[in-house]
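Source: prediction; values computed, not measured.
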Amino acid sequence: MESDYQTKKNSVALNLNQQQLTQLRKLCARSEREQRLVPALLKIIYEKKWFKLFLPKSYKGLELTLPKALQYEEELAYVDGSLGWTVTLCAGANLFAGYIDHHKAQQIFSSPKVCLGGSGAVSGLAEETANGYIVNGHWKYATGAPHLTHFTANCRITRKGQPVCNEDGSPLVRSFFFRKEEVSVHADWNTMGLKATAGHSFSIKNLKVRADRSFEINENKPVLDQLIYRYPFLPFAEATIGVNTLGMTKHFFELAIATIKEKQHRLHLPVLEAVLIKIQKAQTEVAALSEKLYAEVDKSWDELKSSGAVTRPRAKRIGGLCRRLVLVCRKHVAAIYPACGLAATAQDAELNRAFRDIFTASQHGLLTFPRD
């Protein structure tokens with residue numbers, strides 16, 4: 001199917017021509033088969049600095065604003081679900097440069113191939129020592145595990161074997177990063193979709209690390225000065241994951257339209273015209289929601305620039321819009337898919353991959369459960 005990628009109002013960030021889009025999708029199809037991003041695709045990512053969307057130019061990054069980066073991430077997910085998801089999660093983990101010891105961060109993030117990734121789950125323990133910590137734990141879903149240079153993880157802090165608590169009595173949790181050779185990767189990513197993201201589990205046993213391997217993701221205490229590090233992490237994560245489902249869904253709609261039109265040409269069934277109208281209405285509803293989301297993110301960025309903080313009501317609206325957007329996308333994709341016929345169930349069909357990717361991505365815990 002010939003895509004109108006270049007004429008799309010929101011498809012301007014990547015500035016891909018049709019030949020480049022086709023090349024990327026061929027590499028993504030290979031990655032799907034190999035269940036990891038293939039070297040040729042990673043080479044493009046490194047050259048384009050897509051893992052460095054948020055890193056400052058002093059770290060050889062793109063230093064994008066959040067509104068601009070969301071366009072990149074949506075368009076990458078439109079190209080392919082696994083590509084968009086991997087770049088989004090890894091670029092989001094590279095954001096931690098803004099909270100890590102400055103000297104240590106300079107050493108790590110200036111590398112052209114630096115790529116952090118890991119887990120947000122608190123499934124590790126870090127025992128305090130005189131010079132740092134001894135870490136043990138097992139974490140799931142480290143997106144991009146085969147090409148990560150560093151793994152990130154959250155741990156509960158203990159002292160002499162006893163939990164350390166915050167002033168309010170809650171467990172003290174800190175984030176850590178580890179070199180790839182310090183972790184054991186368990187090749188257990190076996191989902192229905194996003195296969196090339198290779199989100200394997202990893203574990204650590206009795207690893208001694210210095211205190212500067214620990215950090216706190218706190219927008220009120222960034223190490224770097226760029227505005228992105230003062231943006232609250234929860235709405236940041238919700239928005240970046242939400243636009244991934246949006247991009248995948250737009251691609252699904254295009255593929256579904258092409259499939260239905262081809263069937264209509266062969267079978268001359270009047271009912272298929274009604275399906276095309278259904279897809280058009282779905283596109284309209286999704287577009288309206290996405291415009292609201294981008295508008296709220298723009299306003300939040302303006303708040304950050306003017307006052308140095310994003311208000312809680314604004315952050316909550318962004319999270320709510322992301323959940324609504326993912327719900328609506330999933331609803332329409334589920335309703336349209338049966339009309340695409342048996343050919344759409346072939347595992348190697350692009351439409352099938354888009355469907356599987358959407359229903360895998362939309363399972364992310366941030367966007368499946370409401371928050372306070």
Trainee: Let me confirm one number: the CD-CG distance from Glu291 to Asp298, rounded to the nearest 0.5 Å.
Mentor: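 Between Glu291 CD and Asp298 CG, I get 11.5 Å after rounding to 0.5 Å.
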Trainee: Could you check whether any side-chain heavy atom of Leu125 comes within less than 4.5 Å of a side-chain heavy atom of Cys155, counting everything from C-beta outward?
Mentor: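 Of all side-chain heavy-atom pairs linking Cys155 with Leu125, none is under 4.5 Å.
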Trainee: Is any side-chain heavy atom of Arg25 less than 4.5 Å from a side-chain heavy atom of His251?
Mentor: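 A side-chain contact under 4.5 Å exists here.
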Trainee: Using side-chain heavy atoms (C-beta onward) and a distance below 4.5 Å, is Tyr99 in contact with Glu216?
Mentor: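 Not touching, per the 4.5 Å side-chain cut-off.
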Trainee: Does the distance from a Lys or Arg side-chain N to an Asp or Glu carboxylate O, for Glu63 and Lys49, drop under 4.0 Å?
Mentor: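 A salt bridge is absent here (no side-chain N lies under 4.0 Å from a carboxylate O).
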Trainee: In terms of the angle between their ring planes, are Trp139 and Phe202 parallel, tilted or perpendicular, with boundaries placed at 30° and 60°?
Mentor: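 Parallel: the ring planes of Trp139 and Phe202 meet at under 30°.
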Trainee: Would you kindly confirm whether Leu327 and Ile358 end up in one hydrophobic cluster when ILVMFWY residues are joined by side chain heavy atoms under 4.5 Å apart?
Mentor: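 No, because Leu327 and Ile358 fall into different hydrophobic clusters, even though each may have its own neighbours under 4.5 Å.
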Trainee: So, does Arg230 use its side chain to make a donor-acceptor pair with the main chain of Leu304 at under 3.5 Å?
Mentor: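 Such a contact is absent between Arg230 side chain and Leu304 backbone.
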Trainee: Using a 3.5 Å distance criterion without hydrogens, assess whether the side chain of Thr259 forms a donor-acceptor pair with backbone atoms of Cys340.
Mentor: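 Side chain of Thr259 to backbone of Cys340: no pair is present.
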Trainee: Measure the shortest side-chain to side-chain distance between Pro112 and Tyr46 over non-hydrogen atoms and say whether it is less than 4.5 angstrom.
Mentor: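 A side-chain contact under 4.5 Å is absent here.
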Trainee: For the side chain to side chain contact (heavy atoms under 4.5 Å, CB included) test, which of Leu83, Thr86, Asn244 pairs with Leu76?
Mentor: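 Result: among Leu83, Thr86, Asn244, Leu83 is the only option passing the side chain to side chain contact (heavy atoms under 4.5 Å, CB included) with Leu76.
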Trainee: Between the side chain of Glu127 and the main-chain N/O of Gly161, is any donor-acceptor distance below 3.5 Å?
Mentor: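 Looks like yes, one N/O pair under 3.5 Å.
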Trainee: Carefully, step by step, assess His332 and Tyr337 under the rule ring pair (Phe, Tyr, Trp, His ring centres under 6.0 Å).
Mentor: CA-CA 8 Å; His332 286 308; Tyr337 182 69; over 10 Å; no
Trainee: Do the non-hydrogen side-chain atoms of Phe51 and His147 ever get within less than 4.5 Å of each other?
Mentor: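 A side-chain contact under 4.5 Å exists here.
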Trainee: SG/Cys28 to CG/Leu41 distance, rounded to the nearest 0.5 angstrom?
Mentor: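 The SG atom of Cys28 sits 5.0 Å away from the CG atom of Leu41.
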Trainee: Using atom types as modelled and distance alone, determine if a side-chain donor or acceptor of Ser111 lies under 3.5 Å from a backbone N or O of Ile108.
Mentor: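 Answer holds: no.
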Trainee: Any donor and acceptor pair, going by atom type alone, linking the side chain of Glu75 with main-chain N or O of Leu14 inside 3.5 Å?
Mentor: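 A pair under 3.5 Å: yes.
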Trainee: So if I apply the side chain to side chain contact (heavy atoms under 4.5 Å, CB included) rule between Val297 and each of Ile318, Val310, Leu321, which one comes out positive?
Mentor: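 One option only clears the test, and that one is Ile318.
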Trainee: Going from CG on Leu66 to CD1 on Ile228, what distance comes out if it is rounded to the nearest 0.5 angstrom?
Mentor: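 Going from the CG atom of Leu66 to the CD1 atom of Ile228 covers 4.5 Å.
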Trainee: Do Leu116 and Val114 touch side chain to side chain, with heavy atoms closer than 4.5 Å?
Mentor: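 Heavy-atom side-chain distance check passes, below 4.5 Å.
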Trainee: So does Pro171 get a backbone contact from the side chain of Asn166, meaning a donor-acceptor N/O pair under 3.5 Å?
Mentor: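 Yes, Asn166 side chain to Pro171 backbone: donor-acceptor pair under 3.5 Å.
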Trainee: Please check if any side-chain donor atom of Ser300 sits under 3.5 Å from a side-chain acceptor atom of Tyr231, or the reverse.
Mentor: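 Note: Ser300 and Tyr231 side chains meet the donor-acceptor criterion.
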Trainee: Check whether any side-chain heavy atom of Ile45 lies under 4.5 Å from a side-chain heavy atom of Leu37, and answer yes or no.
Mentor: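 Yes - at least one pair of side-chain heavy atoms lies under 4.5 Å apart.
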Trainee: Going only through I, L, V, M, F, W and Y residues with side-chain contacts under 4.5 Å, is there a path from Leu21 to Phe252?
Mentor: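 Shared cluster, yes.
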Trainee: Can you tell me if Thr345 uses its side chain to pair, donor with acceptor, with the backbone of Gly341 under 3.5 Å?
Mentor: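 No, Thr345 side chain to Gly341 backbone: no donor-acceptor pair under 3.5 Å.
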Trainee: About how many Å separate OG of Ser214 and CZ of Arg174, when rounded to the nearest 0.5 Å?
Mentor: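 Between Arg174 CZ and Ser214 OG, I get 3.5 Å after rounding to 0.5 Å.
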Trainee: Tell me whether Leu24 is reachable from Met248 by hopping between hydrophobic residues (I, L, V, M, F, W, Y) whose side-chain heavy atoms are closer than 4.5 Å.
Mentor: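 As far as the 4.5 Å side-chain criterion goes, Leu24 and Met248 are connected within one cluster.
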Trainee: Count the heavy atoms of every other residue, nucleotide or ligand shown that sit under 6.0 Å from CD of Glu181, and state whether that count exceeds 12.
Mentor: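 Count over threshold, so yes.
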Trainee: Decide yes or no on side-chain hydrogen bond (donor to acceptor under 3.5 Å, both in side chains) for Asn131 and Thr129, but give the supporting numbers first.
Mentor: CA-CA 5 Å; Asn131 299 316; Thr129 66; 5.9 Å; no
Trainee: Validate the cation-pi geometry between Arg210 and Phe178: distance from NZ or CZ to the six-membered ring centre under 6.0 Å, angle to the ring axis within 45°.
Mentor: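 Verdict for Phe178: no cation-pi partner in Arg210.
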Trainee: Assess the side chains of Ser203 and His186: does a donor N or O sit below 3.5 Å from an acceptor N or O?
Mentor: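 Looking only at side-chain atoms, His186 and Ser203 do form a donor-acceptor pair, the distance falling under 3.5 Å.
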Trainee: Look at the side chain of Ser31 and the backbone N and O of Val38, then say whether any donor-acceptor pair between them is shorter than 3.5 Å.
Mentor: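 Yes, Ser31 side chain to Val38 backbone: donor-acceptor pair under 3.5 Å.
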Trainee: Do Tyr294 and Leu227 share a hydrophobic cluster, counting only Ile, Leu, Val, Met, Phe, Trp and Tyr and linking them when any side-chain heavy atoms are less than 4.5 Å apart?
Mentor: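 Yes: a chain of side-chain contacts under 4.5 Å links Tyr294 to Leu227.
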Trainee: Can we call the ring centroids of Phe96 and Phe177 under 6.0 Å apart?
Mentor: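 Judged by ring-centre distance (under 6.0 Å), Phe96 and Phe177 do not meet the cut-off.
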Trainee: Between Phe54 and Phe236, is the ring centroid distance below 6.0 Å?
Mentor: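 Ring-ring flag for Phe54/Phe236: true, centres closer than 6.0 Å.
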Trainee: Assess the pair His200 and Phe151: is the distance between their ring centroids shorter than 6.0 Å?
Mentor: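 No.
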Trainee: Provide the closest heavy-atom pair for Pro56 versus Tyr229 in the form atom of the first, atom of the second, distance.
Mentor: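 Heavy atoms only, the tightest pair is CD-OH, 3.2 Å.
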Trainee: Do the charged groups of Glu47 and Lys43 touch, with an N to O distance under 4.0 Å?
Mentor: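 The answer is yes: the pair qualifies as a salt bridge.
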Trainee: Is a salt bridge present between Glu182 and Arg213, judged by a nitrogen-to-oxygen distance below 4.0 Å?
Mentor: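 Counted as a salt bridge, because a side-chain N and a carboxylate O are separated by less than 4.0 Å.
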Trainee: Let me check something: do Val183 and Leu89 share a hydrophobic cluster, defined by ILVMFWY side-chain heavy atoms less than 4.5 Å apart, either directly or through other members?
Mentor: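 Different clusters.
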Trainee: Is it true that atom CD of Gln280 has more than 12 heavy atoms of other residues, nucleotides or ligands lying nearer than 6.0 Å?
Mentor: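 Atom CD in Gln280 is not crowded, with 12 or fewer foreign heavy atoms closer than 6.0 Å.
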Trainee: Just to verify, which of Arg30, Gln35, Arg36 counts as forming a side chain to side chain contact (heavy atoms under 4.5 Å, CB included) with Arg33?
Mentor: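 In the set Arg30, Gln35, Arg36, the residue that makes a side chain to side chain contact (heavy atoms under 4.5 Å, CB included) with Arg33 is Arg30.
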Trainee: Salt bridge check: are Arg323 and Glu238 linked by an N-O gap of less than 4.0 Å?
Mentor: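 Judged by the 4.0 Å cut-off on N to carboxylate O distance, Arg323 and Glu238 do form a salt bridge.
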Trainee: Between Gln106 (side chain only) and His103 (backbone N and O only), is there a donor and an acceptor less than 3.5 Å apart?
Mentor: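 Not a single qualifying donor-acceptor pair exists.
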Trainee: When you measure from the side chain of Asn17 to the backbone of Gln19, do you find a donor-acceptor pair of N or O atoms at a distance under 3.5 Å?
Mentor: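 Yes.
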Trainee: Ignoring hydrogens and geometry beyond distance, is a side-chain donor-acceptor pair present between Glu73 and Thr240 at under 3.5 Å?
Mentor: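 The answer is no; no qualifying pair exists.
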Trainee: To the nearest 0.5 Å, what is the distance between NE2 on His150 and CG on Asn94?
Mentor: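 Between atom NE2 of His150 and atom CG of Asn94 there are 10.0 Å.
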Trainee: In plain terms, say whether Arg353 and Asp80 are close enough for a salt bridge, that is, a side-chain N and a carboxylate O under 4.0 Å apart.
Mentor: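 Counted as a salt bridge, because a side-chain N and a carboxylate O are separated by less than 4.0 Å.
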Trainee: Indicate yes or no: does Glu303 engage Arg314 in a salt bridge with an N to O separation below 4.0 Å.
Mentor: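 A salt bridge links Glu303 with Arg314.
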Trainee: Quick one: pull up CH2 in Trp85 and CG in Leu194 and give me the separation to the nearest 0.5 Å.
Mentor: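 The distance works out to 6.5 Å.
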Trainee: Identify whether the distance between the nearest side-chain nitrogen and carboxylate oxygen of Lys195 and Glu32 falls below 4.0 Å.
Mentor: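 No, Lys195 and Glu32 are not salt-bridged.
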Trainee: Hey, are Glu128 and Arg159 close enough for a salt bridge, meaning a charged N less than 4.0 Å from a carboxylate O?
Mentor: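 Here Glu128 pairs with Arg159 in a salt bridge, since their nearest N and O are under 4.0 Å apart.
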Trainee: Check whether any side-chain heavy atom of Phe355 lies under 4.5 Å from a side-chain heavy atom of Leu255, and answer yes or no.
Mentor: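 No; the side chains remain at least 4.5 Å from each other.
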